[in-house]
Amino acid sequence: ECTVEAPDGSRRVLQAEAVLNATGRVPNTGSLALHRAGVALASTGGIATDSELCTANPDIYAAGDCLPGPDRFTHAAEWQARAAVRNAFLGEALDAQRLLVPRATYTDPEVAAVGRTAAELRAAGAAFETFTRQAADVDRNKCDDEREGFAALHVSTETGKILGATVVGHSAGDHLSEVTLCMQNGLTAADLAGTMHPYPTAAEVVRQAAQASVRAGIFRPSSQKLLHALSRPSEHVAWSAEGGIGVLQLTRPKALNACGADMARSIGEMVAREPADVVILRGGSEDSLRHFCAGGDVKAMALTLRDDPQAALPGLQLLHEYRAIESVHRRAATASPVLALADGVCMGFGLGLAYGARYRLVTERSLLAMPECAIGIPPDASFAFIATELPPGLGLAMAVTGQRLGSEEALRAGLATHFVPSDSLPDLEHALRTLRPADSPAGFAAADEAVREVLGRYTSKRPGAEGDNES
């Protein structure tokens with residue numbers, strides 16, 4: 001019998017048939033006279049090596065329990081031996097210090113762990129949450145009547161990566177391996193949750209613990225607020241139609257029509273579903289044009305991520321931006337002519353949106369760019385595709401520097417198709433809005449011909465080319 005006293009003073013008597021006293025091990029190097037071979041010892045008695053397992057003698061490598069440190073496991077020694085051989089004979093540079101060592105104790109139930117414990121993470125001041133799944137709730141364990149155990153994942157609230165894990169239950173060490181793989185390669189709990197497992201398998205206990213992390217993200221306040229905003233049409237995107245002419249208007253002028261995820265979603269849905277023979281994309285108020293679209297709402301994303309590093313907004317922002325751009329491309333190619341009146345600022349998502357249009361009109365006030373590149377953010381909004389269609393080197397220059405193009409440069413590069421003086425825009429738009437292509441049975445071809453005729457009257461090939469019209 002053994003009496004155990006808890007911190008609160010309570011006592012508990014444990015009964016067992018045998019007691020295993022696990023005192024640990026220390027390297028037995030004292031009698032080897034390693035100093036004669038130029039091999040140095042660490043202060044703990046183990047053989048000192050660098051990160052590649054090379055000792056102070058460059059011709060001697062060490063591996064296994066003779067090394068300092070707590071990871072004296074068979075699987076650790078086997079990995080170190082393979083790494084030492086490859087480093088010594090093949091000239092590789094496998095870094096043993098980056099080795100993530102899982103550990104398992106083969107009791108009943110089995111206990112396995114990898115990474116840091118919750119106590120260690122708290123002591124280090126790490127921001128994390130723990131997500132647990134009971135083995136008894138997994139269908140395979142129900143079938144096999146294996147009800148003891150659980151899987152617990154400690155997940156960073158900043159990156160979503162797994163910082164540590166504990167698995168208890170039948171074959172716990174086997175289930176831990178995929179968690180170790182995720183941690184070794186920087187994968188997130190969401191990556192693990194998204195990995196399909198055969199059903200029913202006991203390893204589902206680990207995946208379901210990861211799924212609990214994903215589910216928590218869905219119900220965090222920032223996600224709920226965003227999902228609520230995306231559940232209704234954006235107040236900053238308006239659609240009107242008359243006589244077969246549809247006009248999609250961005251109405252957030254104070255922010256230069258920078259689009260949040262809700263705006264991008266509304267744009268994509270309206271362009272895809274609203275009936276019209278011709279579609280006009282424009283910014284500004286009803287009676288003026290100024291600034292087509294400054295891109296995605298980077299400020300809103302930055303503020304959201306500051307408060308919640310795991311917020312879903314960046315992913316949903318890009319999702320709906322690409323869907324909107326795809327809708328414009330698809331409609332312009334197959335359903336009806338689409339015109340983008342890219343007056344003023346046309347950047348980022350705005351540029352991607354405009355480029356999807358069949359006709360891209362610029363004025364002397366137009367500025368086209370991928371400005372996020374100037375602050376170190378990779379270009380998105382389909383610019384990787386756009387760059388392939390630009391003159392050699394221009395796409396790379398824009399992607400690296402955020403270089404801005406005026407109307408003439410945009411026309412020469414092919415980012416724009418027509419130039420119209422800003423003071424002629426009202427007349428041009430009026431002419432477009434009073435087209436009646438619906439009266440013709442020819443559909444797309446008739447509508448396109450009517451649009452080209454109007455463009456021929458009001459636009460030119462380049463700024464200042466009076467009378468140099470193109471149809």
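Not measured: the values here are computed from a predicted model.
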- [ ] Give every residue pair that meets the side chain to side chain donor-acceptor pair (under 3.5 Å) criterion with at least one member in residues 64-73, sequence neighbours excluded.
- [x] R25-D65
Task: Qualifying side chain to side chain donor-acceptor pair (under 3.5 Å) pairs, either residue in residues 81-96, two or more places apart - done: E78-R82, R86-E92
Whether [X] side chain and [Y] backbone form a donor-acceptor pair below 3.5 Å:
{"X": "R265", "Y": "H320", "answer": "no"}
{"X": "N141", "Y": "A135", "answer": "yes"}
{"X": "E321", "Y": "L316", "answer": "no"}
{"X": "S336", "Y": "V278", "answer": "no"}
{"X": "S366", "Y": "A342", "answer": "yes"}
{"X": "R207", "Y": "A203", "answer": "no"}
{"X": "T55", "Y": "I60", "answer": "yes"}
{"X": "Q317", "Y": "A261", "answer": "yes"}
{"X": "H291", "Y": "V345", "answer": "yes"}
{"X": "D191", "Y": "L187", "answer": "no"}

Within a strict 4.5 Å, meaning less than it, do heavy atoms of the [X] and [Y] side chains meet?
{"X": "R282", "Y": "V247", "result": "yes"}
{"X": "V114", "Y": "L100", "result": "yes"}
{"X": "C346", "Y": "C293", "result": "no"}
{"X": "Y199", "Y": "D139", "result": "yes"}
{"X": "L415", "Y": "L351", "result": "yes"}
{"X": "V39", "Y": "I47", "result": "yes"}
{"X": "P109", "Y": "V168", "result": "yes"}
{"X": "L339", "Y": "R358", "result": "no"}

Distance from [X] atom [atom1] to [Y] atom [atom2], nearest 0.5 Å?
{"X": "R323", "Y": "L319", "atom1": "CZ", "atom2": "CG", "value": "4.0 Å"}
{"X": "R12", "Y": "E5", "atom1": "CZ", "atom2": "CD", "value": "14.5 Å"}
{"X": "L14", "Y": "E1", "atom1": "CG", "atom2": "CD", "value": "9.5 Å"}
{"X": "M347", "Y": "L256", "atom1": "CE", "atom2": "CG", "value": "9.0 Å"}
{"X": "L153", "Y": "M183", "atom1": "CG", "atom2": "CE", "value": "9.5 Å"}
{"X": "L94", "Y": "S51", "atom1": "CG", "atom2": "OG", "value": "10.0 Å"}

[atom1] ([X]) with more than 12 external heavy atoms under 6.0 Å:
{"X": "K299", "atom1": "NZ", "result": "no"}
{"X": "R103", "atom1": "CZ", "result": "yes"}
{"X": "N185", "atom1": "CG", "result": "yes"}

Closest non-hydrogen atom pair, [X] against [Y]:
{"X": "G38", "Y": "A56", "value": "O-CB, 3.3 Å"}
{"X": "V111", "Y": "T107", "value": "CG2-OG1, 4.0 Å"}
{"X": "C182", "Y": "L192", "value": "SG-CB, 4.0 Å"}
{"X": "R331", "Y": "V338", "value": "CG-CG2, 4.0 Å"}
{"X": "A113", "Y": "L176", "value": "O-CD2, 3.3 Å"}
{"X": "D50", "Y": "Q97", "value": "C-NE2, 4.5 Å"}

- [ ] Take V279 and W239 through the test side-chain contact (heavy atoms from CB on, under 4.5 Å) and record every step on the way to the result.
- [x] CA-CA 10 Å; V279 175; W239 175 274; 4.1 Å; yes
Residues two or more places apart in sequence or in another chain: which of them pass side-chain contact (heavy atoms from CB on, under 4.5 Å) with [X]?
{"X": "D8", "result": "A6, S10"}
{"X": "Y106", "result": "A104, E110"}
{"X": "H236", "result": "S234, T251, R252, M263"}

Task: Residue pairs, two or more places apart or on separate chains, that pass ring pair (Phe, Tyr, Trp, His ring centres under 6.0 Å) and touch residues 29-80 - done: F73-H75
Task: Pairs satisfying ring pair (Phe, Tyr, Trp, His ring centres under 6.0 Å), at least one member in residues 107-153, at least two apart - done: F128-H154
With sequence neighbours excluded, residues passing salt bridge (charged side-chain N to carboxylate O under 4.0 Å, His left out) with [X]:
{"X": "D174", "result": "none"}
{"X": "D145", "result": "R147"}
{"X": "E326", "result": "R330"}
{"X": "R116", "result": "none"}

Open item on the list: For T201 and E204: C-alpha separation, side-chain torsions, deciding distance, then whether side-chain contact (heavy atoms from CB on, under 4.5 Å) applies.
Closed with: CA-CA 6 Å; T201 53; E204 278 275 282; 3.8 Å; yes
TODO: Determine, step by step, whether L367 and L405 satisfy the side-chain contact (heavy atoms from CB on, under 4.5 Å) criterion, reporting the C-alpha distance in whole Å, the side-chain angles of both residues, the deciding distance to 0.1 Å, and the verdict.
DONE: CA-CA 6 Å; L367 282 176; L405 304 184; over 6 Å; no
Open item on the list: Checking E178 against H197: is there a side-chain donor and acceptor pair closer than 3.5 Å?
Closed with: yes
Just list the side-chain donor-acceptor pairs under 3.5 Å for residues 386-403, sequence neighbours left out, or say none.
from, atom 1, to, atom 2, distance (Å)
T388, OG1, F385, O, 2.6
E389, OE1, Y355, OH, 2.5
T401, OG1, A397, O, 2.6
T401, OG1, Q403, N, 3.2

Open item on the list: Just to verify, which of N257, D297, I267, V298 counts as forming a side chain to side chain contact (heavy atoms under 4.5 Å, CB included) with F349?
Closed with: I267
Open item on the list: Walk me through whether L248 and V271 qualify under side-chain contact (heavy atoms from CB on, under 4.5 Å).
Closed with: CA-CA 8 Å; L248 187 145; V271 170; 3.8 Å; yes
